[in-house]
Engineer: 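Starting off with a structure, shown below.
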Amino acid sequence: GDSVTQMEGPVTLSEEAFLTINCTYTATGYPSLFWYVQYPGEGLQLLLKATKADDKGSNKGFEATYRKETTSFHLEKGSVQVSDSAVYFCALIGANSKLTFGKGITLSVRP
Amino acid sequence: GAVVSQHPSRVICKSGTSVKIECRSLDFQATTMFWYRQFPKQSLMLMATSNEGSKATYEQGVEKDKFLINHASLTLSTLTVTSAHPEDSSFYICSAVRGEGKNIQYFGAGTRLSVL
C-alpha cells in the first residue's frame, strides 16, 4: 500500500537557519503530494502541494519539489523564523483517493 | 478560508462510558468528512470516511460498532466512542472536504480523549 516516510525528529534550529525536512514516498501511479503544518493548539493546515512530477509547491517561504525519480518531496526554507515552530506532516493522496501521512516532525526554532 | 471546528478539544471519561465528538464545517458545506486517530509519535491513521446521508465507510481493523459515525447534515459529523476503554485513549482528528477541491482536506484541531 501507499506509505510516506519522514526523517526522524525533533529538529531544533536557530532563527534564520536553512531548513530541510526529508520526505520519501511509496505509491502506485502518480500521487498528489502535500505538506501539512500543525501549529500548537491548532488543526492541520495545508502548507503546500504538488500534483505532478517536477511541480514545485511553495508557500510562506517554504518550497518542495515533486521528484518522481527519487520518490521524494523534501521541504525547504531558506531562513526559518520562530513562528515556524510547529509539527510538519508529509502526505500523499494515491489511487485510493485517501490521505496517507508520514509520522510528522517537530520543528523548534530558537530566537 | 475554510474553517473546521472540532469539539470538545479535550475529554476525560470513565471506562465504560460513551463519548461524542463533533466536527463542524463552519463556512462551507462538506459532503465528505474523515475521522483520523493519532497515536503518540505516529502518523494520523484514517479510521473512516463519513458521507452525508449515508453510512460511513470504515477502514480495515476499525470496529464500526465501537466507533459510531453520523453525518446527518452537510456541516456536521459526529464520532461516538462507545463503552470507552483505556486503550481508546488517543488523539482524534476530523477533516472535511470542500466540494470544489476534492483533494484538499481542512482539519479540525483534534480531540484528546483520556479514558480512566
Side-chain angles (χ1 to χ4, degrees), chain A residues 1-11 21-27 29-52 55 57 59-60 66 73 86-107, chain B residues 1-10 21-28 30-51 56-62 77 90-98 100-112:
Chain A
D2 297 345
S3 67
V4 176
T5 303
Q6 289 184 236
M7 60 184 281
E8 294 287 331
V11 173
I21 301 177
N22 288 343
C23 172
T24 57
Y25 67 90
T26 302
Y30 301 92
S32 294
L33 303 175
F34 305 83
W35 276 100
Y36 279 85
V37 58
Q38 185 174 29
Y39 298 104
E42 300 182 16
L44 276 72
Q45 302 173 23
L46 178 64
L47 180 59
L48 52 85
K49 67 170 184 172
T51 57
K52 62 182 187 295
D55 266 2
N59 186 25
K60 299 181 180 180
Y66 190 145
F73 194 54
V87 182
Y88 292 82
F89 292 90
C90 186
L92 67 83
I93 291 182
N96 62 6
S97 300
K98 296 175 182 177
L99 259 179
T100 298
F101 286 91
K103 290 186 178 182
I105 187 170
T106 300
L107 170 66
Chain B
V3 179
V4 174
S5 173
Q6 193 171 334
H7 178 81
S9 59
R10 190 176 191 93
I21 302 170
E22 293 186 347
C23 180
R24 294 181 184 272
S25 56
L26 297 186
D27 53 357
F28 66 97
T31 54
T32 303
M33 289 183 172
F34 299 89
W35 287 96
Y36 296 85
R37 183 173 178 175
Q38 185 179 24
F39 294 98
K41 301 187 187 302
Q42 300 293 321
S43 62
L44 282 74
M45 302 299 295
L46 180 64
M47 298 175 64
T49 302
S50 170
N51 294 299
T57 303
Y58 290 81
E59 295 300 301
Q60 191 172 10
V62 178
S77 176
S90 192
F91 195 58
Y92 295 88
I93 304 174
C94 73
S95 71
V97 176
R98 290 178 71 153
E100 71 278 13
K102 295 191 184 301
N103 269 1
I104 305 299
Q105 296 184 24
Y106 298 91
F107 286 82
T111 297
R112 172 74 61 191

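Side-chain atoms are counted along with the backbone in the values below, which use heavy atoms only and exclude waters and symmetry mates. A quick note: this is a predicted structure, and the numbers were derived from the prediction, not measured. A, B, ... follow the sequence lines: proteins, then strands. Residue 1 opens every chain.
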Engineer: With a 4.5 angstrom heavy-atom cut-off, which part of B:Gln6 approaches chain A: side chain, backbone, both or neither?
Structural biologist: neither
Engineer: State, to 0.1 Å, how close A:Gly102 and B:Ser43 come at their nearest heavy-atom pair, and which atoms those are.
Structural biologist: O-CB, 2.8 Å
Engineer: Check whether any side-chain heavy atom of B:Gln38 sits under 4.5 Å from a side-chain heavy atom of A:Phe89, and report yes or no.
Structural biologist: yes
Engineer: Are there over 12 heavy-atom neighbours, none belonging to A:Tyr39, within less than 6.0 Å of that residue's OH?
Structural biologist: yes
Engineer: Crowded around A:Met7 CE? As in, over 12 foreign heavy atoms under 6.0 Å?
Structural biologist: yes
Engineer: Name the region of B:Phe39, side chain, backbone, both or neither, that has any atom closer than 4.5 Å to a heavy atom of chain A.
Structural biologist: neither
Engineer: Side chain, backbone, both or neither: which part of A:Leu44 has a heavy atom under 4.5 Å from chain B?
Structural biologist: both
Engineer: In the structure I gave you, are the side-chain heavy atoms of B:Ile104 and A:Phe34 within less than 4.5 Å of one another anywhere?
Structural biologist: yes
Engineer: Does any heavy atom of chain B fall under 4.5 Å from the side chain of A:Gln38, the backbone, both, or neither of them?
Structural biologist: side chain
Engineer: Check each atom of B:Leu44 against the heavy atoms of chain A and say whether the ones under 4.5 Å are side chain, backbone, both or neither.
Structural biologist: both
Engineer: Could you state the interatomic distance from OH (B:Tyr106) to CG (A:Leu46), rounded to the nearest 0.5 Å?
Structural biologist: 7.5 Å
